[in-house]
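Along the sequence shown, the residues carry numbers beginning at 1. For ligands, and for the atoms within them, numbers begin at 1 and follow the listed sequence. Computed from heavy atoms alone, side chains included, the values below leave out hydrogens, waters and symmetry copies.
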Amino acid sequence: MPYFIRGVFWIAVYLGMALFPCLVLLSGRMPPGYGYLWDFSLAQGYGAASMMAIMFFLTARFKRPALPFGVDVIYYFHKYIALLLFLIVAAHPAILLTTEPVVREMLKPAQINRYMAAGVVSFLLLSLIVISSLWRKQLNIHYDNWRLIHAVLAVAALILALIHIEGAGYYIDTPIKRLIWLLIMVSWLLLQVYVRLIKPIDLLSKPYKVKELIRERGNAYTLVVEPGQHAIPAYKPGQFAWLTMFHSPFSMKEHPFSFSSNPERKGELRFTIKELGDFTRRIKDAVPGQTVYLDGPYGAFSIDRHPSERGYVFIAGGIGIAPVRSMLRALADRKDHRTHILFFAGNSLEKLTFYEELNELREQLDLKVILVLQDPPPDWQGESGYLTRNILTRHLPAYFREQEYFICGPVPMMEMAEKELHRIGVPLRHLRSELFDFV
Ligand SMILES: Cc1cc2nc3c(=O)[nH]c(=O)nc-3n(C[C@H](O)[C@H](O)[C@H](O)COP(=O)(O)OP(=O)(O)OC[C@H]3O[C@@H](n4cnc5c(N)ncnc54)[C@H](O)[C@@H]3O)c2cc1C
């Protein structure tokens, strides 16, 4: 089935999941209305609780719903829909506090009851989630700690919101409505059991072993892993997996890395990892035989989703070459005859990961490689400085509007390439990007 149709289907499923609990409230006997603003505010409260619960579905990384969009797009959606959700949640008490004196009374510290307090704390926890997510780096919260805090706060906020709803009881005043509503909400909460318990157990049953660690140019290492008794899941060149190493799959200490291996060569997987922070700096400590756990494949950044384009243009910066290597290797193995271009920006020749391999690939493919060096050697004849629109247009063919573009690298380079390619006339539907920092 085409990805577009699948995408529309999953959007409809998402809307259905979000709206169904609210439709349950509207069925059967209705409580007396207290005016438009009262009902509007309650609708916001229930709608927000429903959206909050579905967040657990969005982040559970189910492969089928993620397939048409790419899991990174789902994470972005989660991020932005969470902001909308926060505004809706904030509007719920704001409307009641300004229009209903009785609610103001109920929230006074001396009068507040258990379920109103639960609502207030739930809102405060949601605020903490938003602040710690939007300003994680500025607040100096380590990613691993943030992830744990995020998960705990999200579960606590939803449980408290349910206590608030259950206590307030308005619109779920018949036993059957109350039961259906709570069952739906609790089943979303139980998804956490799948994510935190069942999925890690599954990963534990399919371990991989480090076969080899190859030192690459540019402070990078290629980790070659092979499966234990199980088969390697089929993946597309350019996709990625979450890798857990030095810890158990229950630890929540997993990191996303693109496959740099060629999916046409079965039996082993490769990840090329650049030293950057706590985890990536430890990769060089990996030893043959060491256990690794992989959750994947994920991602929509692949030539295999666009098999019949006139040719591909790869724009890579630094370690952004990792998924590109996977795609080029796959094209070479498939004896692809189309003309492809690779713009590869880096610091210096010494730091260009896979520099030697690119020469090899040039012989196997009709591949034009344009290296763009910030610090070129004295006798350098090629492009230098940062990648710019001029460099792109100098090397693109006349039919550049019909090619498919794959962009991966530092954020400023990606933004420049996307903007400038679109400006010179490349339709947005031909631009594919993989952001290595989507959280
Ligand atoms: C889809 C995708 C594919 C990637 N492919 C590659 C690749 O092929 N090669 C490569 O070298 N790097 C790749 N990365 C980047 C890599 O995941 C991060 O560099 C790595 O997780 C940083 O961890 P650290 O502890 O070493 O660094 P830190 O200094 O702790 O983190 C640096 C930043 O990386 C991000 N990060 C840290 N931990 C995680 C995590 N568990 N999950 C998600 N993001 C995290 C955070 O934004 C953090 O601020 C990819 C990222 C994504 C999203």
**Item:** ligand 1 atoms in contact with His142 (distance to a heavy atom under 4.0 Å)
**Value:** 30 (O)
**Asked** Any idea which part of Thr280 is under 4.0 Å from ligand 1, heavy-atom wise: side chain, backbone, both or neither?
**Response** both
**Message:** Going by the closest heavy atom to atom 41 (N) of ligand 1, which one wins out of Lys137, Arg281, Arg147, Glu254?
**Reply:** Glu254
**Prompt:** Does any N or O atom in Trp242 lie less than 3.5 angstrom from one in ligand 1, N or O only?
**Reply:** no
**Message:** Looking at Glu254 and Arg61, is there a salt bridge between them, counting it only when a charged N and a carboxylate O are closer than 4.0 Å?
**Reply:** yes
**Prompt:** Charged N to carboxylate O under 4.0 angstrom, Glu216 versus Lys274?
**Reply:** no
**Fill in**
One finds that the ligand 1 atoms under 4.0 Å from a non-hydrogen atom of Arg136 are 46 (C), 47 (O), 48 (C), 49 (O)
**Asked** What are the atoms of ligand 1, with element, lying closer than 4.0 Å to any heavy atom of His255?
**Response** 20 (C), 21 (O), 23 (O), 25 (O), 38 (N), 39 (C), 40 (C), 41 (N)
**Request:** Under 4.0 Å, heavy atoms only, figure out whether ligand 1 is touched by the backbone of Phe279, its side chain, both or neither.
**Result:** both
**Request:** Check ring pair (Phe, Tyr, Trp, His ring centres under 6.0 Å) between Phe123 and all other residues, then give those that pass, not counting sequence neighbours.
**Result:** Phe86
**Request:** Counting heavy atoms only, name the option from Phe436, Trp146, Tyr298 that's nearest to atom 2 (C) of ligand 1.
**Result:** Phe436
**Message:** Tell me whether Arg329 is salt-bridged to Asp333, with the criterion being a basic N under 4.0 Å from an acidic carboxylate O.
**Reply:** no
**Message:** Is the distance between the ring centroids of Phe314 and Phe343 under 6.0 Å?
**Reply:** no
**Message:** Can you tell me which portion of Leu435 lies within the under-4.0 Å heavy-atom range of ligand 1? Options are side chain, backbone, both, or neither.
**Reply:** backbone
**Prompt:** Looking just at side-chain N and O atoms, do Ser348 and Gln374 make a donor-acceptor pair shorter than 3.5 Å?
**Reply:** no
**Item:** Pairwise side-chain contact, Glu268 with Val225, heavy-atom cut-off 4.5 Å (strictly under)
**Value:** no
**For atom 11 (O) of ligand 1, the option (of Arg325, Lys274, Glu275, Met252) bearing the nearest heavy atom** = Lys274
**Prompt:** For ligand 1, which atoms, with element, lie under 4.0 Å from some heavy atom of Ala322?
**Reply:** 8 (O)
**Complete:** Taking only non-hydrogen atoms of Gly277 and a 4.0 Å limit, the atoms of ligand 1 in range are 24 (P), 26 (O), 27 (O), 28 (P), 29 (O)
**Request:** Identify whether NZ of Lys or CZ of Arg in Arg310 sits under 6.0 Å from the centre of the six-membered ring of Tyr399 and within 45° of that ring's axis.
**Result:** yes
**Item:** Passing candidate, ring-ring contact (aromatic ring centres under 6.0 Å, His included) with Phe259, options Phe240, Phe271, Tyr298
**Value:** Phe271
**Message:** Please work out, at 4.0 Å between heavy atoms, whether the side chain, the backbone, both, or neither of Phe240 comes within that distance of ligand 1.
**Reply:** side chain
**Least distance between heavy atoms, His78 atom then Leu58 atom** = CA-CD1, 4.1 Å
**Prompt:** Of all the atoms in ligand 1, which lie at a distance below 4.0 Å from a heavy atom belonging to Ile273?
**Reply:** 11 (O)
**Asked** Which atoms of ligand 1 sit under 4.0 Å from any heavy atom of Leu276?
**Response** 19 (O), 32 (C)
